[in-house]
Amino acid sequence: MADKERGKILVVDDEPYISQLLARYLEGEGYDCETAPSAEEALKMLEGQEFHLLISDIIMPGISGIDLLTIVRPLYPDLAVIMVTAVDDRDTGILAIDLGAYGYVIKPFERNEILINVANALERRRLVMLAQNCTIPAQMLPRHQAEKRRPIKIPAKEVVDLVRSGIDEKALMQKFNLSAKALHSLLDQLVAVGALDQSEIDERDSLSPGTVAIEINRVGFPVSRRQRPCISAVDAAKSIRSGLDDPSLMEKYGVSAKGLRSLFRKLVAAGVVEQWELDKRMSETQSWAVLED
(Lines give C-alpha, C1' and ligand atoms only; values in the text may rest on other atoms or scores of the structure.)
Protein backbone atom coordinates (compact mmCIF):
# COMPACT_ATOMS: atom_id res chain seq x y z
CA MET A 1 0.00 0.00 0.00
CA ALA A 2 1.15 3.54 -0.62
CA ASP A 3 1.92 5.62 2.47
CA LYS A 4 -1.13 7.81 1.89
CA GLU A 5 -3.35 4.71 1.80
CA ARG A 6 -1.84 2.34 4.32
CA GLY A 7 -5.10 0.74 5.34
CA LYS A 8 -8.30 1.38 7.25
CA ILE A 9 -8.40 -0.31 10.64
CA LEU A 10 -11.21 -0.90 13.13
CA VAL A 11 -10.17 -1.38 16.77
CA VAL A 12 -12.69 -3.06 19.09
CA ASP A 13 -12.20 -2.99 22.86
CA ASP A 14 -14.53 -2.36 25.78
CA GLU A 15 -11.72 -0.51 27.58
CA PRO A 16 -11.54 2.98 25.99
CA TYR A 17 -7.95 3.65 26.99
CA ILE A 18 -6.79 0.51 25.16
CA SER A 19 -8.59 1.36 21.92
CA GLN A 20 -7.40 4.96 22.13
CA LEU A 21 -3.81 3.82 22.71
CA LEU A 22 -3.95 1.50 19.72
CA ALA A 23 -5.50 4.22 17.56
CA ARG A 24 -2.73 6.62 18.55
CA TYR A 25 -0.04 4.09 17.64
CA LEU A 26 -1.66 3.31 14.29
CA GLU A 27 -2.55 6.85 13.26
CA GLY A 28 1.01 7.88 14.04
CA GLU A 29 2.10 5.45 11.31
CA GLY A 30 -0.36 6.79 8.76
CA TYR A 31 -3.20 4.28 9.16
CA ASP A 32 -6.83 5.41 9.08
CA CYS A 33 -8.20 4.12 12.38
CA GLU A 34 -11.63 4.00 14.00
CA THR A 35 -12.71 2.47 17.31
CA ALA A 36 -15.75 0.62 18.62
CA PRO A 37 -16.56 -0.08 22.30
CA SER A 38 -18.22 -3.45 21.64
CA ALA A 39 -18.58 -6.20 19.09
CA GLU A 40 -22.18 -5.18 18.50
CA GLU A 41 -21.10 -1.66 17.54
CA ALA A 42 -18.28 -3.03 15.41
CA LEU A 43 -20.74 -5.11 13.37
CA LYS A 44 -22.81 -1.99 12.66
CA MET A 45 -19.70 -0.12 11.52
CA LEU A 46 -18.61 -2.99 9.28
CA GLU A 47 -22.00 -2.91 7.56
CA GLY A 48 -21.57 0.75 6.60
CA GLN A 49 -17.84 1.05 5.90
CA GLU A 50 -15.05 -0.91 4.31
CA PHE A 51 -12.15 -1.84 6.59
CA HIS A 52 -8.95 -3.67 5.72
CA LEU A 53 -8.12 -4.88 9.23
CA LEU A 54 -10.03 -5.61 12.43
CA ILE A 55 -8.19 -5.61 15.78
CA SER A 56 -10.41 -7.01 18.53
CA ASP A 57 -10.11 -7.77 22.21
CA ILE A 58 -11.15 -11.34 23.01
CA ILE A 59 -12.79 -10.93 26.43
CA MET A 60 -15.66 -8.44 26.15
CA PRO A 61 -19.18 -8.32 27.60
CA GLY A 62 -21.95 -9.43 25.25
CA ILE A 63 -20.50 -10.79 22.02
CA SER A 64 -16.92 -11.88 22.72
CA GLY A 65 -14.00 -11.33 20.39
CA ILE A 66 -14.00 -15.01 19.40
CA ASP A 67 -17.72 -14.81 18.56
CA LEU A 68 -17.07 -11.62 16.56
CA LEU A 69 -14.30 -13.38 14.63
CA THR A 70 -16.67 -16.28 13.89
CA ILE A 71 -19.30 -13.90 12.56
CA VAL A 72 -17.11 -11.63 10.41
CA ARG A 73 -14.92 -14.23 8.69
CA PRO A 74 -17.67 -15.58 6.37
CA LEU A 75 -19.35 -12.18 5.97
CA TYR A 76 -16.17 -10.21 5.18
CA PRO A 77 -13.64 -12.69 3.74
CA ASP A 78 -11.30 -9.87 2.63
CA LEU A 79 -11.04 -8.51 6.18
CA ALA A 80 -7.82 -9.35 8.03
CA VAL A 81 -8.25 -9.94 11.79
CA ILE A 82 -5.86 -9.70 14.73
CA MET A 83 -7.01 -10.69 18.22
CA VAL A 84 -5.81 -9.09 21.45
CA THR A 85 -6.03 -10.81 24.83
CA ALA A 86 -4.96 -10.14 28.40
CA VAL A 87 -4.71 -13.87 29.08
CA ASP A 88 -1.62 -15.77 27.89
CA ASP A 89 -3.64 -18.85 26.92
CA ARG A 90 -2.11 -20.89 24.11
CA ASP A 91 -5.35 -22.80 23.51
CA THR A 92 -7.26 -19.53 23.01
CA GLY A 93 -4.62 -18.33 20.58
CA ILE A 94 -4.79 -21.57 18.61
CA LEU A 95 -8.59 -21.32 18.52
CA ALA A 96 -8.36 -17.76 17.15
CA ILE A 97 -5.97 -18.89 14.40
CA ASP A 98 -8.18 -21.92 13.64
CA LEU A 99 -11.14 -19.56 13.18
CA GLY A 100 -9.24 -17.41 10.68
CA ALA A 101 -7.39 -14.75 12.68
CA TYR A 102 -4.06 -13.67 11.18
CA GLY A 103 -2.49 -13.47 14.63
CA TYR A 104 -2.99 -12.62 18.28
CA VAL A 105 -1.23 -10.23 20.65
CA ILE A 106 -1.03 -10.53 24.43
CA LYS A 107 -1.54 -7.51 26.72
CA PRO A 108 0.41 -5.59 27.82
CA PHE A 109 1.81 -5.10 24.34
CA GLU A 110 4.65 -3.00 23.00
CA ARG A 111 4.11 -0.39 20.29
CA ASN A 112 6.50 -2.11 17.88
CA GLU A 113 4.82 -5.48 18.47
CA ILE A 114 1.46 -4.06 17.40
CA LEU A 115 2.89 -2.27 14.37
CA ILE A 116 4.75 -5.37 13.17
CA ASN A 117 1.64 -7.54 13.53
CA VAL A 118 -0.49 -4.98 11.69
CA ALA A 119 2.00 -4.62 8.84
CA ASN A 120 2.28 -8.41 8.49
CA ALA A 121 -1.50 -8.90 8.52
CA LEU A 122 -2.09 -6.25 5.87
CA GLU A 123 0.67 -7.64 3.67
CA ARG A 124 -0.75 -11.15 3.99
CA ARG A 125 -4.19 -9.78 3.09
CA ARG A 126 -2.71 -8.06 0.03
CA LEU A 127 -1.07 -11.28 -1.15
CA VAL A 128 -4.24 -13.31 -0.64
CA MET A 129 -6.27 -10.79 -2.63
CA LEU A 130 -3.68 -10.80 -5.41
CA ALA A 131 -3.99 -14.58 -5.61
CA GLN A 132 -7.78 -14.30 -5.74
CA ASN A 133 -7.49 -11.83 -8.61
CA CYS A 134 -5.87 -14.39 -10.89
CA THR A 135 -2.22 -13.59 -10.36
CA ILE A 136 -1.68 -17.36 -10.14
CA PRO A 137 -0.08 -18.68 -13.36
CA ALA A 138 -2.75 -19.72 -15.86
CA GLN A 139 -1.63 -23.36 -15.89
CA MET A 140 -2.24 -23.55 -12.13
CA LEU A 141 -5.83 -22.33 -12.28
CA PRO A 142 -8.92 -24.58 -12.40
CA ARG A 143 -10.20 -25.31 -15.90
CA HIS A 144 -13.37 -23.36 -15.21
CA GLN A 145 -12.18 -20.25 -13.35
CA ALA A 146 -15.36 -18.77 -11.88
CA GLU A 147 -16.10 -15.35 -10.57
CA LYS A 148 -15.70 -14.82 -6.84
CA ARG A 149 -18.40 -17.03 -5.37
CA ARG A 150 -21.04 -15.75 -3.04
CA PRO A 151 -21.60 -17.68 0.18
CA ILE A 152 -24.44 -20.17 -0.01
CA LYS A 153 -27.21 -19.79 2.55
CA ILE A 154 -28.03 -22.90 4.53
CA PRO A 155 -31.11 -23.19 6.81
CA ALA A 156 -29.91 -23.16 10.40
CA LYS A 157 -32.69 -25.43 11.65
CA GLU A 158 -31.92 -28.08 9.04
CA VAL A 159 -28.24 -28.17 10.01
CA VAL A 160 -29.06 -28.29 13.74
CA ASP A 161 -31.50 -31.16 13.21
CA LEU A 162 -28.94 -33.07 11.15
CA VAL A 163 -26.17 -32.51 13.71
CA ARG A 164 -28.39 -33.73 16.54
CA SER A 165 -29.44 -36.73 14.48
CA GLY A 166 -25.85 -37.94 14.67
CA ILE A 167 -24.91 -37.42 11.03
CA ASP A 168 -21.15 -37.35 10.57
CA GLU A 169 -19.16 -34.46 9.11
CA LYS A 170 -18.41 -36.24 5.85
CA ALA A 171 -22.13 -36.72 5.18
CA LEU A 172 -22.88 -33.09 6.07
CA MET A 173 -20.20 -31.85 3.68
CA GLN A 174 -21.50 -34.02 0.87
CA LYS A 175 -25.13 -33.03 1.48
CA PHE A 176 -24.43 -29.30 1.16
CA ASN A 177 -21.34 -29.57 -1.12
CA LEU A 178 -19.13 -27.90 1.51
CA SER A 179 -15.39 -27.91 2.05
CA ALA A 180 -13.99 -28.72 5.48
CA LYS A 181 -13.36 -25.00 5.98
CA ALA A 182 -16.99 -24.13 5.20
CA LEU A 183 -18.39 -26.82 7.50
CA HIS A 184 -16.16 -25.78 10.39
CA SER A 185 -17.22 -22.15 9.90
CA LEU A 186 -20.89 -23.14 9.73
CA LEU A 187 -20.74 -25.06 13.02
CA ASP A 188 -18.96 -22.12 14.68
CA GLN A 189 -21.72 -19.79 13.47
CA LEU A 190 -24.38 -22.06 14.93
CA VAL A 191 -22.66 -21.91 18.31
CA ALA A 192 -22.21 -18.13 18.09
CA VAL A 193 -25.93 -17.54 17.51
CA GLY A 194 -26.93 -20.01 20.22
CA ALA A 195 -28.48 -22.61 17.91
CA LEU A 196 -26.03 -25.25 19.17
CA ASP A 197 -24.11 -25.56 22.44
CA GLN A 198 -20.34 -25.73 22.27
CA SER A 199 -20.56 -28.99 24.21
CA GLU A 200 -22.45 -30.56 21.30
CA ILE A 201 -19.62 -29.64 18.94
CA ASP A 202 -16.96 -30.78 21.41
CA GLU A 203 -18.73 -34.12 21.80
CA ARG A 204 -18.64 -34.62 18.03
CA ASP A 205 -14.93 -33.67 17.88
CA SER A 206 -14.17 -36.27 20.54
CA LEU A 207 -15.00 -38.91 17.94
CA SER A 208 -12.38 -37.58 15.54
CA PRO A 209 -9.20 -35.57 16.20
CA GLY A 210 -9.58 -31.83 15.86
CA THR A 211 -5.91 -31.14 15.26
CA VAL A 212 -3.04 -33.04 13.70
CA ALA A 213 0.72 -33.16 13.56
CA ILE A 214 2.67 -33.69 10.38
CA GLU A 215 5.74 -35.88 10.07
CA ILE A 216 8.51 -33.99 8.32
CA ASN A 217 12.19 -33.77 9.20
CA ARG A 218 12.80 -30.08 8.65
CA VAL A 219 9.76 -28.71 10.43
CA GLY A 220 8.63 -29.14 14.01
CA PHE A 221 5.41 -28.09 15.68
CA PRO A 222 4.70 -27.63 19.42
CA VAL A 223 3.70 -30.81 21.21
CA SER A 224 0.06 -30.72 22.24
CA ARG A 225 -1.28 -32.07 25.50
CA ARG A 226 -3.90 -33.94 23.47
CA GLN A 227 -3.20 -37.09 21.52
CA ARG A 228 -2.97 -36.22 17.84
CA PRO A 229 -2.57 -38.38 14.76
CA CYS A 230 0.80 -37.98 13.05
CA ILE A 231 0.33 -37.80 9.28
CA SER A 232 3.10 -38.12 6.72
CA ALA A 233 3.45 -34.74 4.99
CA VAL A 234 4.62 -36.40 1.78
CA ASP A 235 1.69 -38.82 1.74
CA ALA A 236 -0.80 -36.03 2.49
CA ALA A 237 0.60 -33.88 -0.33
CA LYS A 238 0.31 -36.81 -2.75
CA SER A 239 -3.29 -37.42 -1.67
CA ILE A 240 -4.18 -33.77 -2.19
CA ARG A 241 -2.58 -33.67 -5.63
CA SER A 242 -4.27 -36.92 -6.63
CA GLY A 243 -7.61 -35.12 -6.48
CA LEU A 244 -9.07 -36.64 -3.29
CA ASP A 245 -11.86 -34.37 -1.99
CA ASP A 246 -12.14 -33.17 1.60
CA PRO A 247 -14.52 -35.95 2.80
CA SER A 248 -12.22 -38.60 1.32
CA LEU A 249 -9.17 -37.07 2.99
CA MET A 250 -11.01 -36.96 6.33
CA GLU A 251 -11.90 -40.63 5.97
CA LYS A 252 -8.38 -41.65 4.92
CA TYR A 253 -6.65 -39.94 7.86
CA GLY A 254 -9.46 -40.29 10.43
CA VAL A 255 -9.75 -36.57 11.16
CA SER A 256 -12.59 -34.09 11.55
CA ALA A 257 -13.18 -31.00 9.38
CA LYS A 258 -11.20 -29.03 11.97
CA GLY A 259 -8.40 -31.58 11.79
CA LEU A 260 -8.27 -31.36 8.01
CA ARG A 261 -7.98 -27.57 8.17
CA SER A 262 -5.17 -28.00 10.70
CA LEU A 263 -3.42 -30.38 8.30
CA PHE A 264 -3.75 -27.96 5.37
CA ARG A 265 -2.30 -25.04 7.38
CA LYS A 266 0.68 -27.05 8.54
CA LEU A 267 1.44 -28.39 5.08
CA VAL A 268 1.48 -24.83 3.72
CA ALA A 269 3.59 -23.58 6.64
CA ALA A 270 6.06 -26.39 6.03
CA GLY A 271 6.28 -25.56 2.34
CA VAL A 272 5.10 -29.03 1.32
CA VAL A 273 1.95 -27.73 -0.37
CA GLU A 274 1.37 -24.30 -1.92
CA GLN A 275 -1.63 -22.22 -0.93
CA TRP A 276 -2.75 -21.97 -4.57
CA GLU A 277 -3.09 -25.77 -4.65
CA LEU A 278 -5.61 -25.64 -1.80
CA ASP A 279 -7.42 -22.67 -3.36
CA LYS A 280 -7.67 -24.61 -6.62
CA ARG A 281 -9.41 -27.50 -4.79
CA MET A 282 -12.09 -25.13 -3.49
CA SER A 283 -13.32 -24.40 -7.01
CA GLU A 284 -15.34 -27.63 -6.84
CA THR A 285 -16.90 -27.06 -3.41
CA GLN A 286 -18.31 -24.15 -1.44
CA SER A 287 -15.50 -22.73 0.67
CA TRP A 288 -17.74 -20.67 2.95
CA ALA A 289 -21.39 -20.51 3.91
CA VAL A 290 -23.74 -18.45 6.05
CA LEU A 291 -26.83 -19.37 8.03
CA GLU A 292 -30.35 -18.69 6.86
CA ASP A 293 -33.19 -18.41 9.35
Side-chain angles (χ1 to χ4, degrees), residues 1 3-89 92-126 128-129 151 185 188-195 198 288 290-291 293:
M1 290 185 183
D3 288 342
K4 64 181 180 181
E5 192 180 330
R6 303 206 63 187
K8 188 168 184 178
I9 301 172
L10 176 59
V11 177
V12 189
D13 201 302
D14 61 309
E15 298 179 281
Y17 76 94
I18 294 292
S19 55
Q20 290 167 9
L21 177 64
L22 284 169
R24 187 163 66 249
Y25 287 166
L26 297 167
E27 290 171 348
E29 292 297 309
Y31 296 106
D32 183 1
C33 189
E34 297 198 27
T35 63
S38 66
E40 291 85 348
E41 184 63 30
L43 289 170
K44 293 178 183 177
M45 295 175 69
L46 286 166
E47 286 181 1
Q49 304 178 56
E50 180 180 359
F51 290 92
H52 302 105
L53 173 65
L54 171 72
I55 302 177
S56 175
D57 189 20
I58 288 181
I59 301 175
M60 296 186 292
I63 299 177
S64 72
I66 292 294
D67 289 341
L68 176 62
L69 172 62
T70 302
I71 293 168
V72 302
R73 288 303 296 150
L75 294 177
Y76 308 100
D78 294 336
L79 180 69
V81 181
I82 295 174
M83 307 304 294
V84 179
T85 178
V87 181
D88 187 0
D89 182 347
T92 300
I94 291 174
L95 174 61
I97 300 300
D98 279 344
L99 294 175
Y102 280 21
Y104 71 102
V105 180
I106 299 170
K107 300 178 186 178
F109 45 76
E110 298 290 336
R111 176 178 177 275
N112 284 345
E113 181 183 15
I114 288 293
L115 296 179
I116 289 170
N117 274 272
V118 166
N120 288 342
L122 289 172
E123 176 61 11
R124 177 177 165 187
R125 173 185 180 273
R126 184 185 72 82
V128 168
M129 293 186 69
S185 171
D188 286 333
Q189 290 176 61
L190 288 168
V191 172
V193 300
Q198 185 61 51
W288 55 298
V290 296
L291 297 173
D293 294 335

Q.
Before you tell me yes or no, could you show the steps for L26 and D32 under side chain to side chain contact (heavy atoms under 4.5 Å, CB included), namely the whole-Å CA-CA distance, both residues' side-chain angles and the distance that decides it to 0.1 Å?
A. CA-CA 8 Å; L26 297 167; D32 183 1; over 6 Å; no
Q. Where do Y31 and H52 land on the side chain to side chain contact (heavy atoms under 4.5 Å, CB included) test, with the steps shown first?
A. CA-CA 10 Å; Y31 296 106; H52 302 105; over 6 Å; no
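Shortest non-hydrogen contact noted between C33 and V11 is SG-CG2, 3.7 Å. The two residues A101 and M83 make their nearest non-hydrogen contact at CB-CG, 3.9 Å. Between F51 and L46, the shortest heavy-atom distance links the atoms CD1-CD2, 3.7 Å. For the pair D14 and I59, the tightest heavy-atom approach, listed with the atom from each and the gap, is OD1-O, 3.7 Å. Counting all heavy atoms, side chain and backbone alike, L53 lies closest to L79 at N-CD1, 3.6 Å. Heavy-atom minimum distance, E40 versus G62: OE2-CA, 3.8 Å.
Two residues are said to be in side-chain contact when any heavy atoms from C-beta on lie closer than 4.5 Å; I18 and V84 fail this criterion. A heavy-atom distance below 4.5 Å is found between the side chains of M60 and V12. Contact of the L43 side chain with the L68 side chain is registered, since non-hydrogen atoms from C-beta on lie closer than 4.5 Å. Between Y76 and V81 the shortest side-chain heavy-atom distance does not fall below 4.5 Å.
Heavy-atom contacts from other residues, nucleotides or ligands closer than 6.0 Å to CD of E50 number 12 or fewer.
Evaluated for a side-chain contact (heavy atoms from CB on, under 4.5 Å) with I82, the options I9, L54, L69, V105 yield exactly one hit, V105.
Take E34 and apply the salt bridge (Lys or Arg N to Asp or Glu O under 4.0 Å) test, not counting sequence neighbours, and it matches K8. In this structure, the salt bridge (Lys or Arg N to Asp or Glu O under 4.0 Å) partners of E15, at least two apart in sequence or on a different chain, are K107. With sequence neighbours excluded, the residues forming a salt bridge (Lys or Arg N to Asp or Glu O under 4.0 Å) with R111 are E29, listed by chain and number.
Note: M45 CE to E41 CD = 6.5 Å, rounded to the nearest 0.5 Å. Interatomic distance, CG of L115 versus OH of Y25, reported as 8.5 Å (0.5 Å rounding). Remark: I55 CD1 to L10 CG distance equals 9.0 Å, nearest 0.5 Å. Atoms CD1 and CD1, from I71 and I66 in turn, are 11.5 Å apart once rounded to the nearest 0.5 Å. Note that OG of S56 and CG of D67 are 10.0 Å apart. Values are rounded to the nearest 0.5 Å.
Ion pair E123/R126 flagged as a salt bridge, since at least one NZ, NE, NH1 or NH2 atom sits closer than 4.0 Å to an Asp/Glu carboxylate oxygen.
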